[in-house]
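These notes concern the structure reproduced below.
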Amino acid sequence: IKNVNTIKKIFFTINIKKIITTLKFAAQLEQQGKYEQSLKLFEQVLPILQSTVGSQHPLTLSIQHKLASIYLDKGKNEQSLKLLEQTLEARKSTLGSQHLDTLT
């Protein structure tokens, strides 16, 4: 069992590093104005984050907020609003209603 737990930790660490690298690449694409490519990467990473670190994790919530902003910029108002509402509720429940991330 100890070896299995060690292996799980190693795979988790490797996956998180890949996720973070992908997020950095997506952010660079967005800065370069390649919004569609950036959007696709953020959309691919979000469910992985939700299942890996959890839907209440600050990184997951940051990516949700980022996606909502991109959706808003692209005129996808309903998708943006839905994601912003989910993010706000999750931040309220995990961080509190007065936390800076909840308020912004």
Side-chain angles (χ1 to χ4, degrees):
I1 301 251
K2 186 176 182 181
N3 289 337
V4 171
N5 288 335
T6 302
I7 291 170
K8 284 182 181 180
K9 286 180 184 178
I10 291 169
F11 280 120
F12 178 78
T13 302
I14 291 169
N15 284 336
I16 291 299
K17 287 181 180 180
K18 285 182 181 180
I19 290 168
I20 291 171
T21 300
T22 303
L23 290 173
K24 287 178 181 179
F25 183 58
Q28 287 177 343
L29 288 171
E30 183 186 14
Q31 288 176 349
Q32 294 172 2
K34 298 176 181 177
Y35 301 109
E36 284 300 320
Q37 292 171 317
S38 174
L39 180 63
K40 287 179 185 177
L41 287 176
F42 282 124
E43 288 174 331
Q44 289 172 3
V45 169
L46 182 60
I48 296 168
L49 278 174
Q50 290 168 330
S51 65
T52 306
V53 297
S55 59
Q56 304 288 318
H57 191 277
L59 182 57
T60 304
L61 297 176
S62 292
I63 298 309
Q64 280 184 199
H65 189 263
K66 183 68 169 167
L67 264 174
S69 297
I70 295 171
Y71 288 151
L72 187 62
D73 289 343
K74 297 192 66 50
K76 298 179 178 183
N77 298 338
E78 287 183 32
Q79 284 178 285
S80 176
L81 182 60
K82 181 180 175 183
L83 210 48
L84 283 172
E85 287 173 344
Q86 290 173 358
T87 305
L88 177 61
E89 289 306 312
R91 284 181 170 165
K92 280 182 185 177
S93 68
T94 56
L95 302 173
S97 60
Q98 297 302 311
H99 191 278
L100 182 61
D101 284 347
T102 304
L103 297 172
T104 56

CG of Asp73 to CD of Glu30: how many Å apart, nearest 0.5 Å?
7.5 Å
Please identify which of these residues, Asn77, Leu39, Leu81, meets the side chain to side chain contact (heavy atoms under 4.5 Å, CB included) condition with Tyr71.
Leu39
Donor-acceptor pair, side chain of Ser80 and main chain of Lys76, under 3.5 angstrom:
no
Is it true that atom CD of Gln32 has more than 12 heavy atoms of other residues, nucleotides or ligands lying nearer than 6.0 Å?
yes
Using 0.5 Å steps for rounding, measure from the CD atom of Glu43 to the CD1 atom of Ile63.
12.0 Å
In the structure I gave you, are the side-chain heavy atoms of Leu23 and Leu59 within less than 4.5 Å of one another anywhere?
yes
Counting only N and O atoms by type, is there a donor-acceptor contact under 3.5 Å from the side chain of Ser62 to the main-chain atoms of Pro58?
yes
Could you state the interatomic distance from CD1 (Ile16) to OG1 (Thr52), rounded to the nearest 0.5 Å?
5.5 Å
Main-chain N/O of Lys34 paired with Ser38 side-chain donor or acceptor, under 3.5 Å:
no
First locate atom CG of Leu83, then atom CG of Leu46, and finally report the distance between them rounded to the nearest 0.5 Å.
6.5 Å
ILVMFWY network linking Leu61 to Leu67, side-chain heavy atoms under 4.5 angstrom:
no
To the nearest 0.5 angstrom, please state how far the NZ atom of Lys74 sits from the OH atom of Tyr35.
9.5 Å
Could you give the distance from CD (Gln50) to CD (Gln56), rounded to the nearest 0.5 Å?
10.0 Å
Would a single hydrophobic cluster contain both Phe42 and Ile48, if residues Ile, Leu, Val, Met, Phe, Trp and Tyr are joined by side-chain heavy-atom contacts under 4.5 Å?
yes
Donor-acceptor contact present, side-chain Thr60 to main-chain Gly54, <3.5 Å
yes
Side chain to side chain contact (heavy atoms under 4.5 Å, CB included) assessment of Gln37 paired with Leu41:
CA-CA 6 Å; Gln37 292 171 317; Leu41 287 176; 5.9 Å; no
Grouping I, L, V, M, F, W and Y whenever their side-chain heavy atoms are under 4.5 Å apart, do Leu29 and Leu49 come out in a common cluster?
no
Closest non-hydrogen atom pair, Thr87 against His65
OG1-N, 4.0 Å
